[in-house]
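The structure under discussion appears below in the form of C-alpha cells.
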Amino acid sequence: MTLLAILAPALAATINAGTPLMLAAFGLLLNEKAGVLNLGAEGMMLVAAIAGFAVTVGSGSATLGFLAGALAGMAAAAFFGVMVLWLGTNQYATGLALSIFGGGLSAFAGIPYTGISLAASKMWTPYLSDLPFIGAVLFRHHPMVYIALLICAALAWFLTRTRAGLVLRAVGESPESAHALGYNVRRIRMGAVMFGGACCGLAGVYLAVVYTPMWQEGMTAGKGWIALALTTFACWKPWRVVAGAYLFGGVTILQLNLQGLGVDVAPQIMAMLPYVATIVVLALISRNPHWIRLNIPASLGKYFNPNA
C-alpha cells in the first residue's frame with residue numbers, strides 16, 4: 001500500500017471529524033462578537049442531535065433531520081437568551097445549566113432510539129470524486145462539509161464587509177454606545193444567540209446522522225467545550241476556526257489510527273489526546289497576551305487577564 005493510499009482516508013476522516021467542531025465554533029464566535037458567552041454548546045448539540053436523529057429516522061430524510069436539529073438548537077439558545085438578556089441571570093451559570101439540562105433531556109428522549117443506526121451518507125461528485133488522491137480527500141463528503149465552509153465565508157464577509165456586521169461588533173465592543181445610537185442591543189444579541197444555537201444544532205445533527213451515524217447518550221463527548229476553546233485558538237476569526245477544527249479533528253483521527261496500527265498505549269491515554277491538545281494549544285496562545293488583547297472582544301476582555 002502506497003503512502004498516498006494511507007494518507008487519503010486519514011485526511012478525509014480529519015475533515016469529517018473537524019466539521020462538527022467548526023460548525024459549533026462559528027455559532028459561538030458570533031455570540032462572543034456580540035458580547036455573549038454561551039457555555040451551553042454541549043447541551044444545545046445534544047438536544048439537536050436527538051431531535052435531528054429522531055426526525056431522520058421517522059422521515060427518512062437527513063435534510064429534515066438537519067432542519068429539525070437547527071430548530072432545536074435555536075429553541076435551546078432562545079431559552080438561554082431570554083434568561084440572560086431579558087431576565088438578567090448570570091450567563092456563565094445559565095450556560096452551564098443549559099449544558100447539564102441538554103445532556104439529561106437528550107438521554108431521556110433518546111432511550112427509544114438507542115441501538116438504531118442509519119446508513120452512511122456521502123456525496124459522490126461526478127468526475128471530481130474519481131480524481132486520484134484529491135478526489136478521495138476532498139470530494140466524497142456529506143454536503144454539510146461544504147455548507148460549513150460556505151458558512152465560514154459568509155460569516156467572515158458579514159463581520160468585516162457589511163454594516164450589520166459592524167453594528168453587531170459595536171454591540172459587543174461597546175453596548176452603551178450602540179444603545180445611544182439607537183440600536184436595540186438586546187435584540188441584536190438575541191439574534192446572535194439564535195444563530196449560535198442553529199450552528200450548534202447543525203453540529204449535533206452532523207454527529208448523530210453523518211459522523212457516527214447512530215444515537216448514543218452523551219455522544220458529543222466534550223466536543224462542545226472543544227468548540228468553545230476553538231474560538232480562542234482562532235482569535236475570533238472564522239478562517240482560523242477552519243484550520244483549528246481540522247487540527248483538532250486530525251488529533252482525534254490520529255488517536256483512532258494509532259489504535260488501529262496496534263500501538264501499545266493505554267486506550268484511556270489515547271482517548272485523552274484531543275483534550276490534551278486543546279489544553280496545550282490554549283496554554284501556548286496565552287503566552288502571548290498582546291496577541292490575545294488585540295483580538296479578544298472588548299466585552300470578554302474584562303474577564304481575561306493574561307498577566308494575572
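Here the structure is a predicted model, which is why all the values come from computation and not from measurement.
When all heavy atoms of G201 and A48 are compared, the closest pair comes out as CA-CB, 3.2 Å. Counting all heavy atoms, side chain and backbone alike, N31 lies closest to A192 at ND2-O, 2.7 Å. Here the closest heavy-atom approach between residue A25 and residue L230 is recorded as CB-CD2, 3.8 Å. Across all their heavy atoms, G204 and A49 have their closest contact at O-CB, 3.3 Å. Across all non-hydrogen atoms, the minimal contact from N90 to A93 is OD1-N, 3.0 Å. Among all heavy-atom pairs drawn from A208 and M219, the shortest one is CA-CE, 3.6 Å.
Screening residues 23-69 for ring pair (Phe, Tyr, Trp, His ring centres under 6.0 Å), with sequence neighbours left out, gives F66-H142.
Under the side chain to side chain contact (heavy atoms under 4.5 Å, CB included) test applied with I188, the options V193, V171, L85 reduce to a single match, V171.
Using modelled atom types and a 3.5 Å distance limit, the side chains of N38 and Y92 yield no donor-acceptor pair.
D130 meets the side-chain contact (heavy atoms from CB on, under 4.5 Å) test with W124; sequence neighbours excluded. With sequence neighbours left out, F248 forms a ring-ring contact (aromatic ring centres under 6.0 Å, His included) with F233. Applying the side-chain contact (heavy atoms from CB on, under 4.5 Å) rule to T162 yields the partners W157, F158, A164; only residues at least two apart in sequence or on another chain are considered.
Side chain of S174 to main chain of A170: no donor-acceptor pair is present (N/O by atom type, distance under 3.5 Å, no hydrogens or angles). A donor-acceptor pair is defined here as one N or O able to donate and one able to accept, closer than 3.5 Å; such a pair exists between the side chain of T160 and the backbone of A156. Of the possible polar contacts, one joining the S99 side chain to the L39 backbone as a donor-acceptor pair under 3.5 Å is found. A donor-acceptor pair under 3.5 Å links the side-chain atoms of Q91 to the main chain of L37, judged by distance alone. Looking only at distances, a side-chain donor or acceptor of S129 sits under 3.5 Å from a matching main-chain atom of F139. Between the side chain of E42 and the backbone N or O of G222, at least one donor-acceptor pair lies under 3.5 Å.
Of the inter-residue distances, the one linking F133 atom CZ with L7 atom CG reads 5.5 Å to the nearest 0.5 angstrom. Note that CG of L149 is 9.0 Å distant from CG of L23, once rounded to the nearest 0.5 Å. Interatomic distance, M194 CE to L30 CG, rounded to the nearest 0.5 Å: 13.0 Å. Annotation: the span from L138 atom CG to Y146 atom OH amounts to 7.0 Å, rounded to 0.5 Å. Distance check: W236 CH2 to R169 CZ gives 15.0 Å after rounding to the nearest 0.5 Å. Between atom OG1 of residue T19 and atom CD1 of residue I15 there is a gap of 7.5 Å, rounded to the nearest 0.5 Å.
Counting non-hydrogen atoms of neighbouring residues, nucleotides and ligands closer than 6.0 angstrom, the CZ atom of F195 exceeds 12 such neighbours.
Chaining together hydrophobic side chains whose heavy atoms lie under 4.5 Å apart places V47 alongside F101, L105. Cluster partners of I111, by chain and number: F108. The rule joins Ile, Leu, Val, Met, Phe, Trp and Tyr whenever side-chain heavy atoms lie under 4.5 Å apart.
Put simply, V82 and M44 are part of the same group of oily side chains (I, L, V, M, F, W, Y) that touch within less than 4.5 Å, one to the next. In the hydrophobic clustering of this structure, L150 does not group with M22; members are Ile, Leu, Val, Met, Phe, Trp, Tyr whose side-chain heavy atoms approach within less than 4.5 Å, directly or through other members. Hydrophobic clustering, with ILVMFWY side chains joined whenever heavy atoms are under 4.5 angstrom apart, keeps L155 apart from L166. Under the 4.5 Å side-chain contact rule for hydrophobic residues, V55 and L46 do not share a cluster. Residues Y211 and V242 fall within the same hydrophobic cluster, defined by Ile, Leu, Val, Met, Phe, Trp and Tyr side chains chained together at heavy-atom separations under 4.5 Å.
The side-chain heavy atoms of L118 and T212, taken from C-beta on, include no pair separated by under 4.5 Å. Counting heavy atoms from C-beta on, the side chains of T56 and L64 never come closer than 4.5 Å. For the pair M214 and T114, the minimum side-chain heavy-atom distance is 4.5 Å or more. Side chains of R240 and C235 form a contact here, defined as non-hydrogen atoms less than 4.5 Å apart. Side-chain atoms of S106 and W215, non-hydrogen and from C-beta on, do get closer than 4.5 Å to each other. By the 4.5 Å heavy-atom criterion applied to side chains, L228 and E32 are counted as neighbours.
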> So N16 and Y206, side chain to side chain contact (heavy atoms under 4.5 Å, CB included) or not? Walk me through it.
Replying inline: CA-CA 9 Å; N16 191 28; Y206 189 92; 2.4 Å; yes

